[in-house]
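One structure is given below, encoded as structure tokens.
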2 protein chains.
Amino acid sequence: MSDYYSFNLPASSKLTSVSVNRCFDGEQHYYSHQSTATKTPMTFSIYLPDEAMAGNRCPAVLYLSGLTCNADNVTHKAHFQQRCSELGMIFIAPDSSPRSSSSSDADGATDVPNDERYFVGQGASYYVDATREPWADNFNMQSYIVDELYDLLRAEFAISSIGVMGHSMGGHGALLLGFKFPSKFVSISALSPVCAASESAWGQAAFTEYFGEDKAVWKEFDASHTVATVGQQYSSILVDQGAADEFLADGQLQTPKLQQACEKAKQPLTLRYQAGHDHSYYFIQTFINDHLEHHWRMAQLS
Amino acid sequence: MSDYYSFNLPASSKLTSVSVNRCFDGEQHYYSHQSTATKTPMTFSIYLPDEAMAGNRCPAVLYLSGLTCNADNVTHKAHFQQRCSELGMIFIAPDSSPRSSSSSDADGATDVPNDERYFVGQGASYYVDATREPWADNFNMQSYIVDELYDLLRAEFAISSIGVMGHSMGGHGALLLGFKFPSKFVSISALSPVCAASESAWGQAAFTEYFGEDKAVWKEFDASHTVATVGQQYSSILVDQGAADEFLADGQLQTPKLQQACEKAKQPLTLRYQAGHDHSYYFIQTFINDHLEHHWRMAQLS
């Protein structure tokens, strides 16, 4: 790069520092900011290795969380910090949806709609821009992730490239956004992804709320359908799936649909069914290093 | 060993399995049981590498948690599972005190006393047997750890030896119990330990409740005083301390007191002040592998 950036964190009035903790050779930060896409305050965590803190651009991976999760789950339980420190890699975890704030403070919090089902509403955005009320006003997580947060991250931190990964509903998000916006991301991976949201009970419930009953619209936001339609975009993608995952057994994940879509698209896919493993962060911590290394290798090739 | 044990887990009617998750080459378990020492149900987590699951005896490390923590904090946030899997090491995390149960169920839960201060009462046992009411009935964590749980663990799991480590108030516990009962433990380490509870505001508040005003009694439960009195017991002990730890700065930890006690006792001590690090689990995850390897090496020598 010919340009030189001096990243002095916290760098921007757009970001409010929530916390910072030394962790390996780097720092685990939380920031909040007012989102124009969701019209709410949004919080994300970002692990910055010392190289990035010093202003040297590092590859980044954006992690999209699953149902019910915010940035804390992956930041506390996925154990990514050590390998990110060793690789010199930035790790960013946004929230999985807009949220109602618990108090009516001055930072623009609004009363965000919700649903009593854990797979619809807050914590369950599916990373799409909803078109139906009451969701359309706040549930614009596609725009938040691929436009607003993406640009903010590139402006505020020493990032050379961005890969996208996710877990469960966030795995759906990583596949969907990675194939809809391949110019934005250099790599994709997923852990126990919802591979065909339009064919799972979770996704059907959410898409009915966010888009209405037209199943042709649902297909546009189905990860496997998108992969099959868009065609090959990445030299390889990595997916790990617990073989003992109850949500695989009950049809929420539809993993074979992704395999079929990749075959149709001639998209190289490394798909690993991991014996004995379930859907939990114990599964994620076991395999996340392989995912970080996948994104690292892809970033070197980009 | 000439005897052969077949450990079929869950092995005993004394233990109730709460959860099990595959994690690296092993399993993360939670168990609960009715404690005679505390007269309450107690829950602990135990990571069992596949070797231990197969009945081959493995070295174990007992982790004593700090103020406010239960087994979840270390099990979710300390990132010990990978190295324990690689080493073939068992990791056990008991609760930091007896607890009131939220419902009056049939498993013997009692109404455990508490204190509104976070450094006294539930989550703050200091791993001692209290002598004053209302604490003496339930707050018998020394007996729970070194007798009841210790014997239960050795009976129920494929354990070859046990080391003890802890964080903060649990670091106090590890040092105190390790030097009071050196025949029970093969190794000691601590992360940001409360080194001289009788000289810290936290410890003075707790000891006043548990033992009364007699400061001579407090000394018997002060880790540094115990080390100086008992003398050298271990070939080396490992202590990590964040140099930017706010509780070091405000006098709760009294780390130099431990150094002076070890010098007096001729107890070899590796004490590392880690630049930039605070009191959090981000600090713990950064250095826990060194502690696991310390306990592993000591177990090989035992």
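Excluded from the calculations below are hydrogen atoms, water molecules and symmetry mates; all remaining heavy atoms, backbone and side chain alike, are included. Every chain is numbered from 1, with letters handed out A, B, ... down the list of sequences. If you're wondering where the values come from, they're calculated on a predicted model, not measured in any experiment.
- Two residues are said to be in side-chain contact when any heavy atoms from C-beta on lie closer than 4.5 Å; B:T75 and A:Y282 meet this criterion.
- Using a 4.5 Å cut-off between heavy atoms, B:D278 contacts chain A through its side chain alone, with no backbone atom that close.
- In this structure, the portion of B:N289 lying under 4.5 Å from any heavy atom of chain A is its side chain and not its backbone.
- Remark: A:Q81 CD to B:Q285 CD distance equals 4.0 Å, nearest 0.5 Å.
- Contact annotation for B:F283: only backbone heavy atoms (N, CA, C, O) come within less than 4.5 Å of a heavy atom of chain A.
- Proximity to chain B at a heavy-atom threshold of 4.5 Å picks out nothing from residues 62-71 of chain A.
- Contact annotation for residues 239-250 of chain A against chain B (heavy-atom separation below 4.5 Å): no residues qualify.
- The CD atom of A:Q82 lies 7.0 Å from the CD atom of B:Q82; values are rounded to the nearest 0.5 Å.
- In this structure, CG on B:N73 lies 10.0 Å from NE2 on A:H76, to the nearest 0.5 angstrom.
- Note that CD of B:Q28 and OG1 of A:T286 are 10.5 Å apart. Values are rounded to the nearest 0.5 Å.
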